[in-house]
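All values reported here derive from a predicted model rather than from experimental measurement.
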Amino acid sequence: MLNIKGIRKSFGKTPVLRGLDLNVGKGDVAAILGPSGSGKTTLLRCINFLERADEGRMTIGDASSDFKTVTKKEIYNLRRKTAMVFQNYCLFNNKTVLENVTEGLITVHKKSKREAEDIAAAMLQKVGLEDKLNAYPSFLSGGQQQRVGIARAMAQCPDVILLDEPTSALDPELIGETLSVIRQVAKSGITMIIVTHEMQFAAEIANKIVFMDGGNIIEQGASRDFFLSPKEERTIQFLSRFNLGNYYSI
Amino acid sequence: MAGSEEVKVMATKLFKPEIIPELIWKIIQAFPLTLTLAVGSLILGLIMALGIAVLCLRAPKVPRSIANGYIHFIRGIPTLILIYLLYLGFPQLMKGLGVDMSGVDKRVYLVVIFALAVSANFAELMRSSYLSVDNGQQEAALAAGMTARQGFQRIVLPQAFAVALPSLGNYIIMLFKLTSLGFVVGVVDLMGKTRILINLTYGSRRLETYLALAVIYWALCFVLERLNKLLIKRYTRGRKDLAERGAVQ
Ligand SMILES: Nc1ncnc2c1ncn2[C@@H]1O[C@H](COP(=O)(O)OP(=O)(O)O)[C@@H](O)[C@H]1O
Ligand SMILES: [Mg+2]
């Protein structure tokens, strides 16, 4: 499904991604963990071409490109196979909730307005916002905004949905509602890459864990193995900060 | 006897407000020129400003600092001086270079001069309004698969416009009033017409005539302000943050 080989990215002289490989299969839910500054956001942004990686290859479904030589057309093509859920939501402020979801469907997927609105309304119902269709983002709580963000991403029917710390800008009492929507998305069988600091949550929904540190993938593997028997010293150190025992001891 | 005394009183009456409506009617005949000057320089000024704003935002260092310098330069010059410099000074310079500028219409000069005068403020406004829109808006559009152009037109531009509207409205109102300086080169706009009417009565009805002119400008600005309020309301719909900012102004 999504395959990355040798991706490198530097900001100026600072290397942020140091040639890492990532493979996410169809229907996988991959959680990327790691301390802040380890390059998780940059990796997602490179996958979505919001940042241009310096080197490496990426394949998503049937489309493949080299980061060094990728053309504009290939970028648009690859981008359409992914959708992004942003840490700070990034809803279109000048659009209603419904329009936030229909916008991409109409301009990118060339759906009629009617059709787009039907799809959007159905998506928004799934995230529990059917009564907010005509509200503007600034009138919504963070949790509601993020659920719109998820609906917007889902409506595009992407091959992979990328979520960058979708709950870390939320007030504690709003995290739960957002996590439960993500849980539901994860169960629907869509391929997902999620950066998160919610260890328990990652352990629960992800079947694959990727641990990053200092621009490298230190360890990756099946969720159970990763949490129960981490192999790398740095992983063990990182995990020791979280009390996960109770989740996997059940 | 009694009749001629009455005439005397009438003639010496210092202030005759009852003639103001008629004066308004006479002055307003010159409105088309004021409108032409304002709209012409508004459009030209916006085009110039767009170029300057793009330079300020996108260009390499040298053209960018030239654009910034231009903004500072224009902002620091009283428009009246700009008129004298360009209307009187520039043709003189061109003549020295063998180009005869005497065929160029005064109104063309004025449109260009007023456009220059407002272009700096417009450019600065465009730049700051564009920058006020969070980068994440365009990124979200791109992430949704939209082209950079679609993202700009459908997401970023409307938001920047909403931010710019209150000041834009004020600048347009200022521009309307600014065109009254055109009289110094002898065009018959509202102000020019007013001065002609005053000269016809040998200055005896100066107060009434200027009051009539003030009423016209005031009404014009009132309409523009109303229009701007309506537009602001429309473009900040659903924007709690912007609506609050607008309410403060
Ligand atoms: N646009 C940028 N310009 C310069 N440095 C950046 C930029 N974005 C991220 N970085 C740097 O790259 C490193 C990794 O950042 P990031 O990918 O955001 O990490 P994470 O998401 O894991 O916290 C950090 O040291 C950060 O300072
Ligand atoms: Mg991050």
Rounded distance [0.5 Å steps], CG in B/L157 versus CG in A/N94: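 The CG atom of B/L157 sits 10.0 Å away from the CG atom of A/N94.
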Point-to-point distance, once rounded to the nearest 0.5 Å, from CD of B/Q150 to CD1 of A/I106: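 Nearest 0.5 Å value for the CD-CD1 distance: 11.5 Å.
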Neighbours of chain A found in residues 73-82 of chain B - heavy atoms under 4.5 Å: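 When heavy atoms of chain A are the reference, residues 73-82 of chain B contributes no residue within the under-4.5 Å range.
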More than 12 heavy atoms of other groups within 6.0 Å of [X] [atom1]:
| X | atom1 | result |
| --- | --- | --- |
| A/R57 | CZ | yes |
| B/R226 | CZ | no |
| B/Y109 | OH | yes |
| B/F90 | CZ | no |

Proximity of residues 145-172 of chain A to chain B, residues having a non-hydrogen atom under 4.5 angstrom: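 When heavy atoms of chain B are the reference, residues 145-172 of chain A contributes A/R152, A/Q156 within the under-4.5 Å range.
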Part of residues 64-74 of chain A lying next to chain B, heavy-atom separation under 4.5 Å: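 No residue falls under the 4.5 Å cut-off.
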Most contacts with chain B, counted as non-hydrogen pairs under 4.5 angstrom, among A/E103, A/R80, A/K95: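 Maximum pair count with chain B is reached by A/E103.
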Chain B interface, residue from A/G104, A/C90, A/A83 that has the most non-hydrogen pairs under 4.5 Å: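 Among A/G104, A/C90, A/A83, the one with the most close pairs to chain B is A/C90.
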Under 4.5 Å from a heavy atom of chain A, the part of B/A162 involved: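 Neither part.
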Part of B/E139 lying under 4.5 Å from any heavy atom of chain A: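 Backbone plus side chain of B/E139, per the 4.5 Å heavy-atom cut-off to chain A.
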Option that, when pairs with chain A are counted at under 4.5 Å, heavy atom only, ranks first among B/G136, B/A143, B/P158: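 Between B/G136, B/A143, B/P158, the count favours B/A143.
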So what's closer than 4.5 Å to chain B heavy atoms on [X]: side chain, backbone, both or neither?
| X | result |
| --- | --- |
| A/T96 | neither |
| A/F86 | side chain |
| A/L78 | neither |

Test item: B/R239 and A/Y136 side chains (from C-beta on) under 4.5 Å apart, heavy atoms: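 SC-SC contact between B/R239 and A/Y136 ruled out.
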Any B/L142 side-chain heavy atom under 4.5 Å of A/M84 side chain: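 In short, these two side chains do not touch, never coming nearer than 4.5 Å.
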With sequence neighbours excluded, residues passing side-chain contact (heavy atoms from CB on, under 4.5 Å) with A/S138: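 Applying side-chain contact (heavy atoms from CB on, under 4.5 Å) to A/S138 gives B/K240, B/D241.
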Main-chain N/O of A/L91 paired with B/Q137 side-chain donor or acceptor, under 3.5 Å: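 It does hold such a pair.
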Check: A/N93 side chain, B/V133 main-chain N or O, donor-acceptor pair, under 3.5 Å: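 Flag not set: sc A/N93 to bb B/V133 has no pair under 3.5 Å.
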Shortest non-hydrogen contact from B/T147 toward A/Y76: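 Closest heavy-atom pair between B/T147 and A/Y76: CA-OH, 3.3 Å.
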